[in-house]
Amino acid sequence: MSKLTLFNTASQRLEEFAPLVPGQVRMYTCGPTVHDYSHVGNFRTVLFQDLLRRVLESQGYQVTQVMNITDVEDRIIRKSAERALSIDEYTAPYIDAYHEDLSTLRVEPAAEYPRATRHIPEMVSLIQQLDAKGHTYVSDGSTYFRIASFPRYGVLSHLNLSGIKAGARVDVDEYSKEDPRDFVLWKARKTGEHFWETALGPGRPGWHIECSAMSMKYLGETLDIHTGGVDLIFPHHEDEIAQSEGATGKTFVRYWLHAQHLQDATGEKMSKRLKNFATVRDLLAEGYTPRAIRYALLTGAHYRSPLAFSEDLLRQAEGAVRRLDEFVVRLNIAEDATGLPPEDVKRQWDDALSNDLNIQEAVGQLFKFVGGLNTRLDSASVSEAERASAYAMLKHANRILDVIDFPARELEDTITRLIAERKSARDANDFARADAIRDQLKAMGIQLYDTKDGVRWKRL
RNA sequence: GGCGAGUUAGCCAAGUGGUAAGGCAGAGGUCUGCAAAACCUCCACCGCGGGUUCGAAUCCCGCACUCGCCUCCA
């Protein structure tokens, strides 16, 4: 298959991917801030990460993925204080819900889900390293990163930062910065806020430091891949580079990848602030299946293009998933059948994904294959070997897609008996009886099809 | 204002110089006791205006519109 190329935000071009250590990929993915339920826009980025991870794995890499859980942050501090809860008490239900949603969407679990509140010492230590190298200063009890001490600042976001004006969008407690571009590493304690007593004084970590501290703790000082939503490019990831490289003097991340946003049906960015969002649990309550939500987020648009999320998109996804399911049933292959995917189709699939994760192209090729074989299944008999090969192709594709169900081909005795009973009724032209049994089976979750080769069934 | 992305059929979307993949929806047909599925046929002058080229959705210039980022939003 062709070499994997990925679009690196830092270079703003496609680059051939090669990990630092051959065969092994160290990947850090920016996870949720657990101040509330995550919405499907957040999960679009997660599914992009899942796609990347699965493609890497299908190409033989051993991937170590770490996803942070941000559980200290302005909104969490404020809301937990309002409800008189500890940070842990406040965030626990949202962390649980997040993991539930990941599971619903069939996202492969990361190796670690480190939490900011559990890594305060690591952050303090990192800030002390920065201090030793002259990158910090203290003002009003807060510790800041001095941008002027890090000439490479801006390499990721490519922003001209000279235009940032003090006071325009700067928090009240940050008036004491030397330069408006400087950012806070450690925030001095404010009255009524949760705080940690540390060598840096009482306070809490700034937003960016947790990702530097935790990613380097679990993955080492140089990561192969770091991902997140495009809105994190600046300032979050830019600041992570300054902090990490300022402390270690080594390249922090080799490939930066960013997912575009999900938009609402009118084309506006989905966000909590605009209240134009839906959560996974909202969609489930409306009757959409997890597989359709996954398919819509995964294949709705290339990860570097915005995706307008709508009911239409979800309905289309339901249809596409159904088509694949039907095809599996039609192949009528035993679960343990062995076969290899057709080489040309497999190559098209793999090559499309290697091309900066072009899953739309890959899925297009897959459906073309499905359609072609469906035609032949209709008009000619297709050998068991070829059907097994097609089945293997679907299995291969599903390593990435993970939306196709491969139901067990064995039925409970009662169901087998009902199917036989219905056949007798049909043979005797007792269609009323036959249809009644068909309805009964449907209620039991078994859909029957009468084909020229006899009756087929699938689980609903 | 600065930087960036985008505009392909009713909807979603691929395509990165050789006369438009795929999915959903729709119309007509085949098959079927009915149903379900599947199959066949039909459905695009690629935002607008110029230019380069034998040839452009694909390259260049201009215009229009949409969206994102520009200090704590994935």
Side-chain angles (χ1 to χ4, degrees), chain A residues 12 29-33 38-46 48-49 70 73-75 157-164 168-171 174 177 180-184 187 206-208 227-236 238-239 258-263 266-274 295-296 299-302 304-308 310 312-327 329-330 348 352 358-371 374-379 426 429 431-432 434-435 438-439 442 447-452 456 458:
Chain A
Q12 294 183 301
T29 53
C30 269
T33 301
S38 293
H39 56 69
V40 285
N42 302 124
F43 284 109
R44 186 201 183 186
T45 300
V46 172
F48 147 67
Q49 292 157 351
T70 299
E73 177 259 2
D74 285 356
R75 291 165 299 187
S157 55
H158 309 99
L159 288 176
N160 174 4
L161 296 168
S162 58
I164 295 182
R169 302 182 65 160
V170 175
D171 192 14
E174 292 181 352
K177 292 196 289 192
R181 300 174 305 165
D182 291 345
F183 58 93
V184 68
K187 291 178 151 181
W207 177 34
H208 318 298
T227 73
V230 286
D231 52 354
L232 296 186
I233 295 170
F234 186 87
H236 187 54
E238 194 68 62
D239 290 350
H258 292 94
Q260 260 294 350
H261 288 304
L262 201 62
Q263 304 174 331
T266 71
E268 239 181 326
K269 174 180 169 180
M270 184 178 283
S271 73
K272 280 276 156 54
R273 191 173 53 79
L274 295 171
Y295 187 90
T299 72
H302 186 262
R304 285 193 286 113
S305 298
L307 170 60
S310 62
D312 233 25
L313 186 74
L314 284 165
R315 272 196 298 272
Q316 292 172 11
E318 296 279 8
V321 170
R322 197 184 316 122
R323 185 165 166 82
L324 292 171
D325 273 355
E326 298 292 352
F327 185 65
V329 171
R330 201 152 184 235
Q348 287 171 331
N358 191 343
I359 195 170
Q360 293 69 34
E361 167 72 16
V363 165
Q365 296 295 346
L366 183 67
F367 275 106
K368 204 169 167 181
F369 168 66
V370 168
N374 261 331
T375 301
R376 294 181 42 235
L377 283 164
D378 239 34
S379 60
R426 279 189 86 212
N429 284 335
F431 295 117
D435 290 353
R438 185 167 63 196
D439 290 344
K442 192 165 185 177
Q447 167 85 54
L448 294 189
Y449 307 78
D450 296 313
T451 75
K452 60 183 163 60
R456 295 264 178 273
K458 71 163 181 173

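In what follows, chains carry the letters A, B, and so on, assigned in the order in which the sequence lines appear, proteins first and then strands, with residues in each chain numbered from 1.
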Open item on the list: Any base atoms under 4.0 Å from A:R330, or only sugar-phosphate, or nothing? Heavy atoms, all strands.
Closed with: sugar-phosphate
Task: Validation row: A:L314, A:Y295 side chains within 4.5 angstrom (heavy atoms) - done: no
Task: Minimum heavy-atom distance A:T45-A:G229, with the two atoms named - done: CG2-N, 3.8 Å
- [ ] From the options B:A37, B:A21, B:G15, select the nucleotide whose nearest atom is closest to the side chain of A:Y449.
- [x] B:A37
Open item on the list: Classify A:G229 by what it touches in the nucleic acid, base, sugar-phosphate, or nothing, heavy-atom distance under 4.0 Å.
Closed with: sugar-phosphate
TODO: Sort out the partner of B:C46 for me: Watson-Crick or G-U wobble, both distances under 3.5 Å, none otherwise.
DONE: none
- [ ] For nucleotides B:C60 and B:A13, find the distance between their P atoms and express it as a whole number of Å.
- [x] 23 Å
Open item on the list: Parallel, tilted or perpendicular, judged at 30° and 60°: which one describes the rings of A:W207 and A:H236?
Closed with: parallel
Open item on the list: Can you measure A:R322 atom CZ to B:C24 atom C1' for me and round it to whole angstrom units?
Closed with: 10 Å
Open item on the list: Over all strands shown, is A:G371 touching base, sugar-phosphate only, or nothing at heavy-atom distances under 4.0 angstrom?
Closed with: sugar-phosphate
Open item on the list: For A:S157, is there any backbone N or O sitting under 3.5 Å from a side-chain donor or acceptor partner on A:E238?
Closed with: yes
- [ ] Mind checking A:L366 for me? I need base, sugar-phosphate or nothing, with any heavy atom below 4.0 Å counting as a touch.
- [x] nothing
TODO: Quote, to the nearest angstrom, the C1' distance that separates B:G68 from B:A74.
DONE: 13 Å
Open item on the list: Check this for me: does the side-chain of A:Q263 come within 3.5 Å of the base of B:C67 through a donor and an acceptor?
Closed with: no
Open item on the list: Side chain of A:L307, heavy atoms from C-beta onward: which of B:A74, B:A13, B:A38 has the nearest atom to it?
Closed with: B:A13
TODO: When you get a sec, tell me which of B:C70, B:G33, B:G23 is the closest nucleotide to the side chain of A:Q316?
DONE: B:G23
TODO: Measure from the side-chain heavy atoms of A:D378 and tell me the nearest of B:C69, B:A13, B:C39.
DONE: B:C39
Task: Per A:E268 side chain, nearest of listed nucleotides B:G68, B:C69, B:A25 - done: B:G68
TODO: Confirm from the modelled atom types if A:R438 and B:A36 form a donor-acceptor pair under 3.5 Å, side chain to base only.
DONE: no
Open item on the list: So, under a plain 3.5 Å distance rule, would you say the side chain of A:D312 forms a donor-acceptor pair with the base of B:C24?
Closed with: no
TODO: Check the pair A:Q263, A:L307 against side-chain contact (heavy atoms from CB on, under 4.5 Å), reporting the backbone distance first and the verdict last.
DONE: CA-CA 6 Å; A:Q263 304 174 331; A:L307 170 60; over 6 Å; no
Open item on the list: Between B:G23 and A:R323, counting only base atoms on the nucleotide and side-chain atoms on the residue, is there a donor-acceptor pair under 3.5 Å?
Closed with: no
TODO: Would you indicate which nucleotide in B:G23, B:G68, B:A74 comes nearest to any side-chain atom of A:V230?
DONE: B:G68
Open item on the list: What's the gap between B:U16 and B:A21 when it is taken at their C1' atoms, as a whole Å value?
Closed with: 15 Å
Open item on the list: Considering every strand and a 4.0 Å limit on heavy-atom distances, what is the contact class for A:E326: base, sugar-phosphate, or nothing?
Closed with: sugar-phosphate
Task: Given B:A13, B:A35, B:C40, the nucleotide with the shortest approach to the side chain of A:D450 - done: B:A35
TODO: Name the nucleic acid region contacted by A:A320, choosing base, sugar-phosphate or nothing; use a 4.0 angstrom heavy-atom cut-off, strictly under.
DONE: sugar-phosphate
Open item on the list: Less than 3.5 Å apart, any donor N or O on the side chain of A:E73 or A:T33 sitting next to an acceptor on the other?
Closed with: no
- [ ] Using atom CG of A:D239 as one end and atom P of B:C73 as the other, report the distance to the nearest whole Å.
- [x] 13 Å
- [ ] Determine the Euclidean distance between corresponding C1' atoms of B:C45 and B:A57; express it in Å to zero decimal places.
- [x] 12 Å
TODO: Write down the distance separating the P atoms in B:G22 and B:C40, rounded off to the nearest Å.
DONE: 11 Å
Open item on the list: Quick check: on RNA chain B, is the nucleotide nearest A:A432 upstream (toward 5') of the one nearest A:N358, or the reverse? Name the residue that is more 5'.
Closed with: A:N358
Task: Nucleotide opposite B:U53 in a Watson-Crick or G-U pair, distances under 3.5 Å - done: none
- [ ] Would you confirm whether A:D435, through its side chain, and A:A432, through its main-chain N or O, come within 3.5 Å as a donor-acceptor pair?
- [x] no
Open item on the list: Taking only the C1' atom of each, what is the distance from B:U7 to B:U58 in whole angstrom?
Closed with: 14 Å
Open item on the list: Whole angstroms only, please: what is the CG-C1' distance between A:L274 and B:A74?
Closed with: 14 Å
Task: Assigned partner base of B:U19, Watson-Crick or wobble definition, under 3.5 Å - done: none
TODO: With the side chain counted from C-beta on, respond yes when A:D312 and A:Q316 share a heavy-atom pair under 4.5 Å apart, and no when they do not.
DONE: yes
TODO: Take the protein atom CZ of A:F327 and the nucleotide atom P of B:G22, then report the distance between them rounded to whole Å.
DONE: 15 Å
Open item on the list: Please report the distance, rounded to the nearest Å, between CD in A:Q365 and P in B:A21.
Closed with: 11 Å
- [ ] Under 4.0 Å between any heavy atoms, over every strand shown, what does A:S271 touch: base, sugar-phosphate, or nothing? Just pick one.
- [x] nothing
- [ ] Taking only the side-chain nitrogens and oxygens of A:T33, find out if one of them lies under 4.0 Å from OP1 or OP2 of B:A74.
- [x] yes
Task: Under 3.5 Å donor-acceptor pair, A:D435 side-chain atoms to B:G33 base atoms - done: yes
Open item on the list: Taking any heavy-atom pair under 4.0 Å as a contact, classify A:L262: base, sugar-phosphate, or nothing.
Closed with: base
Task: Euclidean distance, atom CG of residue A:L324 to atom C1' of B:C24 [Å, nearest integer] - done: 13 Å
Task: Side chain of A:N374 (C-beta onward), nearest among B:A38, B:C69, B:C12 - done: B:A38
Open item on the list: Would A:F431 count as stacking on B:G33 if stacking means ring centres less than 5.5 angstrom apart and planes tilted under 30 degrees?
Closed with: yes
- [ ] Select base, sugar-phosphate, or nothing to describe what A:H236 touches, counting heavy atoms under 4.0 Å on all strands.
- [x] nothing
Task: Counterpart base for B:U71, defined by Watson-Crick or G-U wobble contacts under 3.5 Å - done: none
- [ ] Would you indicate what A:H302 reaches in the nucleic acid, counting non-hydrogen atoms under 4.0 angstrom: base, sugar-phosphate, or nothing?
- [x] sugar-phosphate
Open item on the list: I need the NE2-P distance between A:H261 and B:C73, as an integer number of Å.
Closed with: 12 Å
Open item on the list: For B:C73 and A:R75 - does any side-chain N or O of the residue sit under 4.0 Å from the phosphate oxygens OP1/OP2?
Closed with: yes
Task: A:W207 side chain, from C-beta outward: closest of B:C72, B:A35, B:A74 - done: B:C72
Open item on the list: Pairing donors with acceptors under 3.5 angstrom, does anything connect the side chains of A:Q260 and A:S305?
Closed with: no
Task: P spacing across the pair B:G15 / B:A5, given as an integer number of angstrom - done: 16 Å
Task: Sugar-phosphate only, base, or nothing, as touched by A:G319 at under 4.0 Å among non-hydrogen atoms - done: sugar-phosphate
Open item on the list: Between B:U19 and B:A35, how far apart are the two P atoms, rounded to whole Å?
Closed with: 43 Å
Open item on the list: Any side-chain to backbone donor/acceptor pair from A:K458 onto A:V329? Under 3.5 Å, distance only.
Closed with: no
TODO: Find the distance A:K187:NZ to B:U71:C1' and express it as a whole number of Å.
DONE: 10 Å
TODO: Identify whether any heavy atom of A:T299 sits under 4.0 Å from a base atom; if not, whether one sits that close to sugar-phosphate; answer base, sugar-phosphate or nothing.
DONE: nothing
Open item on the list: My understanding is that a pair needs two contacts under 3.5 Å, Watson-Crick or G-U wobble. By that rule, which nucleotide pairs with B:G6?
Closed with: B:C65
- [ ] Counting Watson-Crick and G-U wobble pairs only, both distances under 3.5 Å, name the nucleotide matched with B:A38, or none.
- [x] B:U30
TODO: Could you tell me whether A:K269 contacts a base, only the sugar-phosphate backbone, or nothing, with contacts defined as non-hydrogen atoms closer than 4.0 Å?
DONE: base
